[in-house]
Amino acid sequence: MVSINGPNSYLPQIQQSHKEKLPRELEDIVSLSRKFGLFDAVGSNRVDILVDARDTYKKMEEAILSARHHINMEYYIFRPDKVGARFRDLLVKKAHEGVKVNFLYDAVGSRMLGWHRSFMNSLREGGIEPQDFLPLRTFTKPWNLNLRNHRKLLVVDDKIGFTGSLNIGQKFLGEKKRGKKWRETHLMIQGPAVTQLQWIFCEDWYFSTGEELLMPEYFRPIDQAGNEIVQVVASGPDVREQAIHKVVFAAVSQAKKSIYLTTPYFIPDPALYLALQVAARRGVEVIILAPRKSDHTFVTWAGRSYYDELLESGVKIFDYLAGNLHAKMLIVDSQLTIIGSANVDIRSFDYDFEVNVQVYGETTANLASGIFFRDLKNSRDLSKTDFLHRSALKRFNENVCRLFSPVM
């Protein structure tokens, strides 16, 4: 992750450890995540899984209205439409009340926002200076185009945090005529783990602006809010550790009973591809849920080129049919739940700035599993169809797209 070169007096507070006893397998994941990431697992959190965009936006708006000191918002896609305008108006309202609003958006994912002069001016006139992440205004760094900030973060007063798959925009409500409903998975977190999300934002803000937010007001002690053990793991092209990739690989490799994976874009690297096959051969129940069609057709075709060997290994693969599946979730052995911005693809592992939240324990895993199997009811089981006997033309299209999959 991007390093903040200034004072780090608040880092020990972020690195407080969980006190609860975890199974050895989970402790191994905690240790690995701490080694390649920045944070330890922390207890006493409340975690709410949000799967409805309208409800998620409502809870985010309520959190923004509750702000007393600061609001830190960072999004890959922030659209200047009705939903975006609603959030803008709330942010401006809080800025007028004296709340510090730090607003960061990805220069490519939110290019429509960057081009919307009146929308941007209304933010600035309201006392908010929006910042773009890795802008394309310079020709001296052409690789910026391929290195994007895919994170979705909202932190309010270091007390409540949101992250997951949901971007900001009317499109994600699926309300347009003939528009398909988007299936997202987002998290609302309260408790000590929020400070870890706060730190991620502060790093990205420093990277983009050079301004340090390491002040006591941004890192206040947080009260206990629940019983969940949580660990935030971030990764990006600025470091070599590939923390998210390593953690996902380790979790799949040591699974004993079950692996339930939801991903909108499935382009695994060779190591993870083999790990999934071996897990199924070992007798682990491996189920992958991916979209029948997505907003990136060529990526979907590339992903389907990997299905043959997985199905032959005993992996069950389901096509989601009820809309645009954009959720990212991994549940292992009913003990570990990973939800965040990262897809199971090479881009998320290597080229994008991502953030995942890992929740340890049966409570959240059982809730997440319920959501997973509810989604399966709206899906088609490819292992029970003639997928392996699809036409030569389909295989050709899939394999051609696979050639370009590392940069998709």
Side-chain angles (χ1 to χ4, degrees), residues 11-47 49 187 189 191-193 195-197 224-235 241-263 268-269 271-288 313-315 328-340 342 344 349 354-373:
L11 188 57
Q13 178 182 321
I14 297 173
Q15 290 183 328
Q16 60 184 304
S17 300
H18 67 93
K19 298 179 181 179
E20 298 83 345
K21 181 66 176 178
L22 293 174
R24 182 184 62 80
E25 294 82 2
L26 292 184
E27 288 288 2
D28 289 343
I29 295 295
V30 170
S31 178
L32 183 71
S33 302
R34 181 175 59 244
K35 180 177 182 180
F36 292 108
L38 180 64
F39 313 116
D40 203 346
V42 292
S44 304
N45 298 281
R46 173 177 173 175
V47 177
I49 304 177
L187 290 178
I189 304 172
T195 300
Q196 298 182 1
L197 294 177
Q224 297 181 1
N227 300 312
E228 300 303 315
I229 302 173
V230 175
Q231 186 174 27
V232 175
V233 177
S235 65
E241 280 78 1
Q242 294 181 313
I244 289 177
H245 177 234
K246 286 183 170 68
V247 170
V248 171
F249 173 80
V252 168
S253 297
Q254 71 176 31
K256 290 182 171 58
K257 298 178 181 179
S258 60
I259 300 169
Y260 304 144
L261 172 63
T262 301
T263 181
D269 71 304
L272 183 57
Y273 188 43
L274 181 59
L276 289 167
Q277 295 176 59
V278 171
R281 295 287 189 184
R282 290 192 285 111
V284 176
E285 182 184 34
V286 182
I287 305 178
I288 298 175
S313 298
V315 175
K328 307 97 167 40
M329 183 167 68
L330 175 65
I331 310 160
V332 178
D333 290 343
S334 299
Q335 290 284 343
L336 169 65
T337 306
I338 302 177
I339 296 173
V344 179
F349 291 153
E354 305 280 6
V355 60
N356 281 353
V357 174
Q358 299 173 183
V359 187
Y360 301 96
E362 293 183 355
T363 302
T364 297
N366 288 336
L367 291 172
S369 295
I371 294 169
F372 181 82
F373 282 98

Qualifying residues under ring-ring contact (aromatic ring centres under 6.0 Å, His included), relative to Phe372, sequence neighbours excluded: Tyr260
What are the two closest non-hydrogen atoms of [X] and [Y], and how far apart are they?
X      : Y      : result
Leu26  : Tyr360 : CD2-CD2, 4.0 Å
Val315 : Ala280 : CG2-CB, 3.7 Å
Ala251 : Leu336 : CB-CD2, 3.8 Å
Gln231 : Phe39  : NE2-O, 2.8 Å
Ala250 : Leu32  : CB-CD2, 3.5 Å
Ala243 : Gly37  : CB-N, 4.2 Å

Side chain to side chain contact (heavy atoms under 4.5 Å, CB included) against Asn366, all qualifying residues, sequence neighbours excluded: Ser334, Glu362
Set of residues satisfying side chain to side chain contact (heavy atoms under 4.5 Å, CB included) with respect to Ser313, sequence neighbours excluded: Gln277, Arg281
Rounded distance (nearest 0.5 Å) linking atom [atom1] of [X] with atom [atom2] of [Y]:
X      : Y      : atom1 : atom2 : answer
Glu285 : Asp333 : CD    : CG    : 10.5 Å
Leu330 : Thr337 : CG    : OG1   : 8.5 Å
Ile49  : Ile371 : CD1   : CD1   : 4.5 Å
Ser33  : Ile338 : OG    : CD1   : 7.5 Å
Ser235 : Leu38  : OG    : CG    : 13.0 Å
Ile29  : Leu22  : CD1   : CG    : 11.5 Å

Polar side-chain atom of Ser31 near backbone of Glu27 as donor-acceptor pair, under 3.5 Å: no
Side chain Arg282, main chain Ala255, donor-acceptor under 3.5 Å: yes
Contacts of Thr263 that satisfy side chain to side chain donor-acceptor pair (under 3.5 Å) - sequence neighbours left out: none
Gln224, CD atom: more than 12 neighbouring heavy atoms under 6.0 Å: no
Residue Asp269 excluded, over 12 heavy atoms near CG under 6.0 Å: yes
Any side-chain heavy-atom pair of Leu276 and Ile288 under 4.5 Å: yes
Criterion side-chain contact (heavy atoms from CB on, under 4.5 Å) against Gln358, the qualifying member of Ile339, Val232, Val247, Val30: Val247
Of all pairs that satisfy salt bridge (charged side-chain N to carboxylate O under 4.0 Å, His left out), the ones with a partner from residues 249-263, not counting sequence neighbours: Glu25-Lys256
Set of salt bridge (Lys or Arg N to Asp or Glu O under 4.0 Å) partners for Arg46, sequence neighbours left out: Asp48
Pair Val47-Val230, side-chain contact (heavy atoms from CB on, under 4.5 Å): steps then yes or no: CA-CA 9 Å; Val47 177; Val230 175; 3.6 Å; yes
